[in-house]
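Computed from a prediction, not measured in an experiment: that's the story for all the values here.
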Amino acid sequence: MTGARGAQVVLDAVGGSLTGELAALLADGGTLITYGQLGSGSTPLESLALTPRALTVRGVSIGQWRARTPEERSEDIAFAARLATTAPELFEVAAGYDLADFAEAIDHARRPGRSGTVLLTSPAS
């Protein structure tokens, strides 16, 4: 999709062996943002060619996000809502599960070859 240029930023929600494949998609000087641990195995950092390609790896967690200011979190939520409205194709849904069926949702999220997001929903109060 980026041609021969490579991507400036790649998001890794899976981790494990997929991390190396995603890092290979980056342009020199690009950034890999990792926030998931669903993949099996690990990817040693030395296998990512960080130094010769000047790559940056950043980790993100919900705990860090919660530490942001309320204004920053509001901006993040507004951006996500705009993105979901203007580019829904970015948010493929694999399946939705009631919150009570969370164990099934976790099993689904861990399936090899899964494509799309596994959503947890709860009944309206």
Side-chain angles (χ1 to χ4, degrees):
M1 292 181 71
T2 63
R5 296 182 325 220
Q8 291 300 309
V9 177
V10 173
L11 302 176
D12 180 7
V14 177
S17 59
L18 183 63
T19 301
E21 294 175 42
L22 292 173
L25 300 174
L26 287 166
D28 289 355
T31 301
L32 172 74
I33 300 174
T34 180
Y35 61 96
Q37 298 285 314
L38 293 174
S40 60
S42 63
T43 300
L45 286 179
E46 60 269 12
S47 72
L48 300 181
L50 298 176
T51 305
R53 294 192 50 219
L55 300 180
T56 300
V57 177
R58 297 204 45 165
V60 177
S61 72
I62 189 70
Q64 292 169 328
W65 184 75
R66 290 177 51 122
R68 295 179 63 137
T69 67
E71 293 80 19
E72 290 171 320
R73 290 194 314 266
S74 291
E75 289 173 15
D76 291 344
I77 291 168
F79 172 74
R82 279 193 311 276
L83 193 59
T85 302
T86 59
E89 68 279 2
L90 296 176
F91 300 96
E92 177 186 349
V93 176
Y97 292 87
D98 186 273
L99 191 54
D101 300 322
F102 71 92
E104 291 176 48
I106 292 170
D107 287 342
H108 188 155
R110 289 184 170 162
R111 284 183 199 159
R114 175 189 55 83
S115 177
T117 301
V118 175
L119 298 176
L120 286 173
T121 60
S122 63
S125 353

> Which pairs pass salt bridge (Lys or Arg N to Asp or Glu O under 4.0 Å) with one or both residues in residues 3-19, sequence neighbours excluded?
Replying inline: none

>> Minimum heavy-atom separation for Val118 and Ala105, please, with both atom names.
In response: CG1-O, 3.7 Å

Please set out all donor-acceptor pairs under 3.5 angstrom arising from side-chain atoms of residues 57-66, sequence neighbours excluded.
residue, atom, partner, partner atom, Å
Ser61, OG, Gly63, N, 3.4
Ser61, OG, Gln64, N, 3.3
Gln64, OE1, Ser61, N, 3.0
Trp65, NE1, Asp76, OD2, 2.7

> Is Leu18 reachable from Leu55 through a run of I, L, V, M, F, W or Y residues, each pair having side-chain heavy atoms under 4.5 Å apart?
Replying inline: yes

>> Suppose we screen for side-chain contact (heavy atoms from CB on, under 4.5 Å). Which residues come up paired with Ala80, at least two apart in sequence or across chains?
In response: none

>> Could you work out, with salt bridge (Lys or Arg N to Asp or Glu O under 4.0 Å) as the rule, every residue matching Glu72, not counting sequence neighbours?
In response: Arg68

>> Please find the pair of heavy atoms, one from Leu26 and one from Thr31, that lie closest to each other, and give the distance.
In response: CD2-O, 3.5 Å

>> Is there a path of hydrophobic side-chain contacts, each under 4.5 Å between heavy atoms of I/L/V/M/F/W/Y residues, joining Leu48 to Ile33?
In response: no

Side-chain polar contacts of residues 90-99 - donor-acceptor pairs under 3.5 angstrom, sequence neighbours left out - could you list them?
residue, atom, partner, partner atom, Å
Glu92, OE1, Ser115, OG, 3.2
Glu92, OE2, Ser115, OG, 3.3
Tyr97, OH, His108, ND1, 2.7
Asp98, OD1, Ala100, N, 2.8

>> Quick check on the hydrophobic clustering: are Leu11 and Leu25 connected, directly or via other members, by side-chain heavy-atom contacts under 4.5 Å?
In response: no

> So which pairs with a foot in residues 23-33 pass salt bridge (Lys or Arg N to Asp or Glu O under 4.0 Å), sequence neighbours left out?
Replying inline: Asp28-Arg53

> When hydrophobic residues are tied together by side-chain contacts of less than 4.5 Å, even through go-betweens, does Leu50 share a cluster with Val10?
Replying inline: yes

> Same hydrophobic cluster for Leu22 and Val9, using side-chain heavy-atom links shorter than 4.5 Å among ILVMFWY?
Replying inline: no

